[in-house]
Every structure is written in structure tokens, then in C-alpha cells.
Enquirer: 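Before I ask anything, let me first share the structure, which is written out below as C-alpha cells.
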Protein chains: 2
Amino acid sequence: MAATIYDVAKKAGVGIGTVSRAINNSPQINPSTKDRILGVARELNYQPHALAQSLARKKTFTIASVVPFFTNYFFIELLRSVQHALSRSNYDLILYSVDRMDRSDTTLERVLSERRSDGVLIISIGLNDAYAGKFIAANIPVVLIDHMHFQIDSIAIANREGAYSATEHLIALGHQRIGMIDGHLSSYPAILRLEGFKKAMLEHNLVFDDRHLIICDAQAGEHGFNEVAGYLAMKRLIAQNDILPTALFVASDVQALGVMRAAKEAGVRIPEDIALVGFDDIEFAKFVGLTTMRQPIAMMGQMAVERLLERIHGDQQGDFHHKLKAELIVRETCGSRKGFHVQAES
Amino acid sequence: MAATIYDVAKKAGVGIGTVSRAINNSPQINPSTKDRILGVARELNYQPHALAQSLARKKTFTIASVVPFFTNYFFIELLRSVQHALSRSNYDLILYSVDRMDRSDTTLERVLSERRSDGVLIISIGLNDAYAGKFIAANIPVVLIDHMHFQIDSIAIANREGAYSATEHLIALGHQRIGMIDGHLSSYPAILRLEGFKKAMLEHNLVFDDRHLIICDAQAGEHGFNEVAGYLAMKRLIAQNDILPTALFVASDVQALGVMRAAKEAGVRIPEDIALVGFDDIEFAKFVGLTTMRQPIAMMGQMAVERLLERIHGDQQGDFHHKLKAELIVRETCGSRKGFHVQAES
DNA sequence: CCAATTATTGGAAGCGCTTCCCGAATAGCC
DNA sequence: GGCTATTCGGGAAGCGCTTCCAATAATTGG
């Protein structure tokens, strides 16, 4: 069995309180006894038991992340950055997955009741007022990523503005007949991106054909933000239109990948026949040359962690609703209008 | 403050032991008092404190996973399946990331010392004898994924055989001048895949040109299993050879993606000029039509979790070194020899 | 040299639970 | 009815730690 604090105390001939002070380097201890105790501890290979510490301190040094597992590479890249940001602290990360968006409640309930964590990161999941209230009542700091709630800290992308920019890029390229493929409108970002798209069209006096808008089906609460949904949407677009749009704004990169696959199958060339702009800039967008709106994913993860940690430490008060701007990354799927917006890329 | 077991006991007019029996549905309790207590508990919105339970039970209902974060989509898909398999149990998942492969020790040390978990999943990381011994001594069940150790349960892919099959496929297609792009040989799978490749060449009496073998550089202990490494390798291959191989076996799909990008830039057509076989079958392989060796990633994750849980419950003894076979998935990067090996795909 | 501080230390109490031991209550049996 | 099994419930002990309080030892100033 592993050594406990009592073993160390006995062997060092001191009380357990003193050992505790030694290992937590409290100032209330004589440096020489401290050294001696640390020596004994090393000898015994003593390691404090994290759980016991948590119980006594009422602090777990763990943060929870609630993630829709794993429908979209966006989450993964976010998680990576969260983990990265966290690795500089000594907090552990515990993962709560929600497998169906429409059943996120049970997961949230679990996070709340287990009390394993000092703070929670909720990714791409809407928090209703009831749960927001519960977290506030339980005094557990929460940061929402890619979603909003008026009472809860959040960090999200400016979706409407991003969609606007994407569409505007297409318009600037001379396109007039522009379509859009969106996620299901049960998703908040999907709504906003559609709004941004429509706004851009309107402000540039372009009419937009309803048949050129395809909303992906939601499945298992997934909002259609996946490759297959994009593929299917593109097939539908091609099937139901005699004249295709000359340009397409797709609400996410994974969907755009599906669009490209369907286009290829149908002999529709990109960008020659249809120009394409995505959204997210997941890692693979670069590999396939997809023009897209870059979400600063890594930045979002890092900021969220920093904010959460601050909240945990009680440093910060006041609301925090950060909105990051998406940035247009021009690659090849809109034709070689390189230099239209110069971007440094590694 | 949240209700404790004492609050429930007092309000129900019983002892704490009885409350404990009620919520853990022990048989040693009168059903009627149990119901009454459960009623009170609900009223008070009582939730047992997971940490306190863990401490008292000496069981955490948590499993740890040690993951190289996140150099390769292989890990992510594995993690997804792990999480999925776990969601059917009531174990939580805590994530320990190792950011540099060559510094996995500190992470393992932490897993060991914190004792937050009942079992550990170690993904794609080599375990040396010292740490294997420590886990055994601490009596913590471990399952290794994508790696081996003679004393520790493991589940891995048959790398050598998979590489052999990939190469053989190319040979069967009539290729003679076959090259390979591999990860750095500090990686065990990289070694095995190279062996399988060479074996296939040898057994089919094909000579293989050393200049057609590119070993990616290892960076930050990353073994070169990433897109950029593949890209760079392909550039090198093209640069240092007057006559290129007609086919290429690439040790991982992410690298193959880089290879494709470099090929495109250099005007080398795939599959016309060079046929390509990858390894892993990550989700994106399908999107880009990459012929590859499928690792049953989801199966690996699931089996690993099942085995780990069995070990935790003490059901299983004896060694367990499972080797799964990789399966050839024919797509487009070797030319349209569709039907060569018919594969059902959704 | 003495009172007043101040620096250290020991260890009980407490974190919220499980579990074991023991007594009370009830049931079963002759 | 009396006696033994059985069932059920109470609560102390214990999981491994932190922290607070009181006690002791070392210093300081005069």
C-alpha cells in the first residue's frame, strides 16, 4: 500500500500537521524540519492522495468539459487547445461527453451532482435558463464556448459578421447567383450564419433563390454539421435545380468537404463551375485548399481556459461575453484570386 | 450549500448508515424506510458527493487515458470510441495529455501518484519496464493501445502484416518501382510498417531503391506522423529522384494527405503518375478517396475499454495481447481498379 | 533576567461518505 | 410463553488529507 501522511509523520518523528505544512510549503514551518520531512517523504515515496486533498480542501483542481462527442472536427481542435492551455496549470481535465445534443441535460446534471470539478467548460451546447441557474446557485464557474447565455461567461465567434464577410467575398468576386448550405436551424450558429448571408445579399441588392438554400437535416441532435450531411445537401441542390448557383457559402468546413465530394461525383467543377467558401478553417481545410472563414479555435480554447481559471480563483467578476471575429482565408475554391486578401500561412 | 447525508438522515429521522444503505440500494434495509429516505433525499435534492464516496470506497469510478495530444487524427478517433464505450458504464474519463512523446514520464508519474483513477488506458505511447513495474506494483490495471509490453494488456494493430498487404496490393496492380514514406523509426509502428513493406518487396523479388524510402523527421517526439511531415517527405522524394517510383506506400493517412498536396503542387498526378496507399483509414481518407489500410479504430477503443473494465472488476486474469488485422480499403488513389477487393461502404 | 512576542509544532476536528459491529425489534419455533 | 434466528437500524471508525487552536520553544527588548 502507498504511504500516507501518517507514515511520513511517524518516521520523521513529527505530527501530521507538520508534514502537511512541509509538503504544501507553508511558511509556518522551520526550514530545517521541512527539509527533513521532505527527505523522509522521498524515501517513502510518499505522494499525497489527490482525492483526499480535494475533500479536505473543498477544491478539486479539476475542470470539466462538456463536449458533443465527436461530431465535428471543430470540437476536437478546440479540445486540443483547451488541453494545451490547461497543461500549464496543474488542473486535470475530465471529459463529459454528450452523445445526443438533445439529451445534454443528463450530462449537465451529472456534472453538477458529482462535484468533481472546480469549473466547467461547455462547448457548443446551449444552456437553458434552468441549468444556468443551477450552476450559478451551486457557485460553479462556467464558461460557454461557441454559445451564449446572458448570465454566463461566454466566448464565441461573430457568426453573423463572419457569414456576411464570406458572402461578400463571393460577391466581390463577381458572383450574383449565390446559394448557401446551412446546418439545421435548431443550431444557433446556423441561424446566425444564415442571417449574415441574407444580410449580405440584401445589402448588395442581390436576390436569392430559395431553392439555392439547403438546410441540412438534424440527426440525433447533430445539427447536420458533418460531411455526409454536406454531401447529401449538395446532391439535393444539384437535383432540384436546373441552373445552379455559381457560388456557394457552406456553413462549415466539414460540410464543405461533403459538398466537394458530391460536386466531384456530379462532374461539377470547383471553382470553375461553383465557387465555395466554408466556415471554421479546420486543419483539413488547408489540405484541400478550401477558402473559408477562420475561427480562431485555439484562441477560443485558450481564452476560455484563462477566463475559467480566473473565475475559479475569484479574480474576475462581471460579465464576459467575448466575440471573436472570423477571418477570411483565401485558398483555391473560389478561383485563383490569390492576393485578394493576402494571408500569411505557414 | 448542497445537502449532505447528515441532512437527509436528520430530516428522515434515521441514522446516516441507513441513508447510505438506501441510496446504494443495499438489501439490508426495509423497503418502506428506503422509500421514505429516497423521498426525503429527492426533496432535499441530495446528491452523493463523488469524491467522498471515492475516498471511503477506495474506488474512483474514473478511468484515466494518457494521450499524445493531438498530433494525429488517429488518436482522436480512438478517443471518441473510448468515450463512447465508456458512456455505457458509469465511469468518468479523465484525460492526461502528453505534449511531447519523449516526456511521457512526467505524465505517467502524475497518473500514478494522483490515484484518481481505477484504471489507465495508454494510447500510442511506449511503456518502459520501470513504469510497467510501477503500475503492476500499484495494482492499477492498464491497457495499452497501439503499443506493446510483455507484462501489460495491450491491443494493437498487426502493423507488419498490414504494411505487407498494402505493398502487396501495389504489387498486384503491376507496380515494380515502389517507394515508401515512413514515420520516424523511433516509433514502433513505423519500424514494423517498414519491415512489412520490405518483406513484401523481397518476397516478390522486387528490389527497392533506398532513395525511394523517405523517413520523416521526428519533431518534439512526434515521429513525423502528420500532414506537414508527409508534405515535406514527398517534396524530398521528388527532389532527390530523377525517376520517381510509380507507387508509394505511406505509413499513415495524415502523411498521405501531405503527400497528395505536395504531388499536386509538383504536378505529379495521383494515381496516374504515382499510386498511393495509406494506413489508418481516418475519416478523411474516405473524403479524399485514399486507398488505405483500415485500422479498426473504433473496435480497438471499445475492446480496450471492455478489457480494462473487466480487469478493474477483477474478472479477468492472464495476459491479453490482442492484435487486430488491418483491412485493405480500395478507393481511388491506386487507379480505378475498383472491385479488386470489394468493400462495402456506407 | 523577565515579560512579551513570535516562530514552530502537535493533533483534534472535520471534509462526506461507506462499512462494520452491535443492539433492538421482530419473527419463527417447539 | 419462552427462546433462538433474523432482519433492520444506529452510529463509531476510518478513508487521507487540511486547518485551526492551543501549547511549547525560541527570541526580543528593556
Side-chain angles (χ1 to χ4, degrees), chain A residues 1-38 40-41 44-62 90 92 112-118 138-139, chain B residues 1-41 44-62 90 112-118 138-139:
Chain A
M1 225 32 237
T4 74
I5 202 168
Y6 285 91
D7 301 325
V8 179
K10 193 187 296 177
K11 181 149 187 190
V14 298
I16 53 164
T18 309
V19 176
S20 176
R21 269 166 297 229
I23 59 170
N24 294 303
N25 51 26
S26 144
Q28 316 244 51
I29 187 176
N30 186 312
S32 71
T33 54
K34 175 172 166 179
D35 288 348
R36 189 160 48 88
I37 290 173
L38 258 25
V40 173
L44 258 37
N45 193 27
Y46 168 73
Q47 303 281 9
H49 189 127
L51 259 34
Q53 286 184 313
S54 297
L55 190 61
R57 286 184 181 143
K58 295 169 158 297
K59 178 138 175 41
T60 64
F61 280 102
T62 299
N90 49 349
D92 286 327
L112 231 15
S113 71
E114 286 188 340
R115 277 166 288 174
R116 280 181 196 270
S117 51
D118 297 335
N139 199 29
Chain B
M1 224 31 240
T4 73
I5 202 168
Y6 285 92
D7 302 325
V8 179
K10 195 187 295 177
K11 182 151 188 190
V14 298
I16 53 163
T18 309
V19 176
S20 176
R21 266 163 292 215
I23 59 171
N24 294 303
N25 51 23
S26 143
Q28 317 247 45
I29 188 174
N30 187 312
S32 72
T33 54
K34 175 173 166 177
D35 287 348
R36 187 162 48 87
I37 291 173
L38 257 26
V40 173
L44 257 38
N45 192 27
Y46 169 73
Q47 302 281 11
H49 189 127
L51 258 35
Q53 286 184 312
S54 296
L55 190 60
R57 286 186 180 141
K58 294 170 160 298
K59 177 135 174 46
T60 63
F61 279 102
T62 300
N90 51 348
L112 232 16
S113 70
E114 286 187 341
R115 276 165 290 173
R116 280 182 195 270
S117 50
D118 296 336
N139 199 27

Enquirer: Between the protein and nucleotides 9-14 of chain C, list every N/O to N/O distance that falls short of 3.5 Å.
Expert:
residue, atom, partner, partner atom, Å
C/dT9, OP1, A/T33, OG1, 3.2
C/dT9, OP2, A/N30, N, 3.0
C/dT9, OP2, A/T33, OG1, 3.0
C/dG10, OP2, A/G15, N, 2.8
C/dG10, OP2, A/T18, OG1, 2.6
C/dG10, N7, A/R21, NH2, 2.9
C/dG10, O6, A/R21, NH1, 3.2

Enquirer: Using atom CD of A/Q47 as one end and atom C1' of D/dC17 as the other, report the distance to the nearest whole Å.
Expert: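 Going from A/Q47 (CD) to D/dC17 (C1'), I get 14 Å.
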
Enquirer: Without decimals, in angstroms, what is the distance between A/Q53 CD and C/dC15 C1'?
Expert: 13 Å

Enquirer: Which side-chain N or O atoms in residues 45-54 of chain A pair as donor and acceptor under 3.5 Å with protein atoms at least two apart or in another chain?
Expert:
residue, atom, partner, partner atom, Å
A/S54, OG, A/A50, O, 2.9
A/S54, OG, A/K59, O, 3.4

Enquirer: Restricting to non-hydrogen atoms, name the atom on A/I29 and the atom on A/T18 that form the minimum distance, rounded to 0.1 Å.
Expert: CD1-O, 3.7 Å

Enquirer: Would you tell me if any nitrogen or oxygen in the side chain of B/S20 comes within less than 4.0 Å of OP1 or OP2 on C/dT18?
Expert: yes

Enquirer: Rounding to a whole Å, what distance do you find between A/D7:CG and D/dG16:P?
Expert: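 Distance, rounded to whole Å: 9 Å.
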
Enquirer: Please state how far atom CZ in A/R57 lies from atom C1' in D/dC20, giving the value in whole angstrom units.
Expert: 16 Å

Enquirer: Between D/dG16 atom P and A/L44 atom CG, what is the distance in whole Å?
Expert: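 Atom-to-atom, A/L44 to D/dG16, this comes out as 14 Å.
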
Enquirer: Please report the closest heavy-atom contact between A/A12 and A/R36, naming both atoms and the distance.
Expert: O-NH1, 2.7 Å

Enquirer: Set out, in order, the CA-CA distance, both residues' side-chain angles and the distance that settles side chain to side chain donor-acceptor pair (under 3.5 Å) for B/N30 and B/R21, then state yes or no.
Expert: CA-CA 10 Å; B/N30 187 312; B/R21 266 163 292 215; over 6 Å; no

Enquirer: Atom CG of B/N24 and atom P of C/dG16: how far apart are they, to the nearest Å?
Expert: 17 Å

Enquirer: Please report, rounded to the nearest Å, how far the P atom of D/dC15 is from the NE2 atom of B/H49.
Expert: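 Whole-Å distance recorded here is 19 Å.
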
Enquirer: Rounded to the nearest Å, what distance is computed from the OH atom of residue A/Y46 to the C1' atom of nucleotide D/dG16?
Expert: 7 Å

Enquirer: With a sphere of 6.0 Å drawn around CG of B/N139, does it hold more than 12 non-hydrogen atoms of other residues, nucleotides or ligands?
Expert: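 No, CG of B/N139 has 12 or fewer neighbouring heavy atoms, counting only those of other groups under 6.0 Å.
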
Enquirer: Does A/K58 make a side-chain N or O approach to OP1 or OP2 of C/dG16 shorter than 4.0 Å?
Expert: yes

Enquirer: Looking at A/T62 and A/D92, would you say the former's side chain and the latter's main chain have a donor-acceptor pair under 3.5 Å?
Expert: no

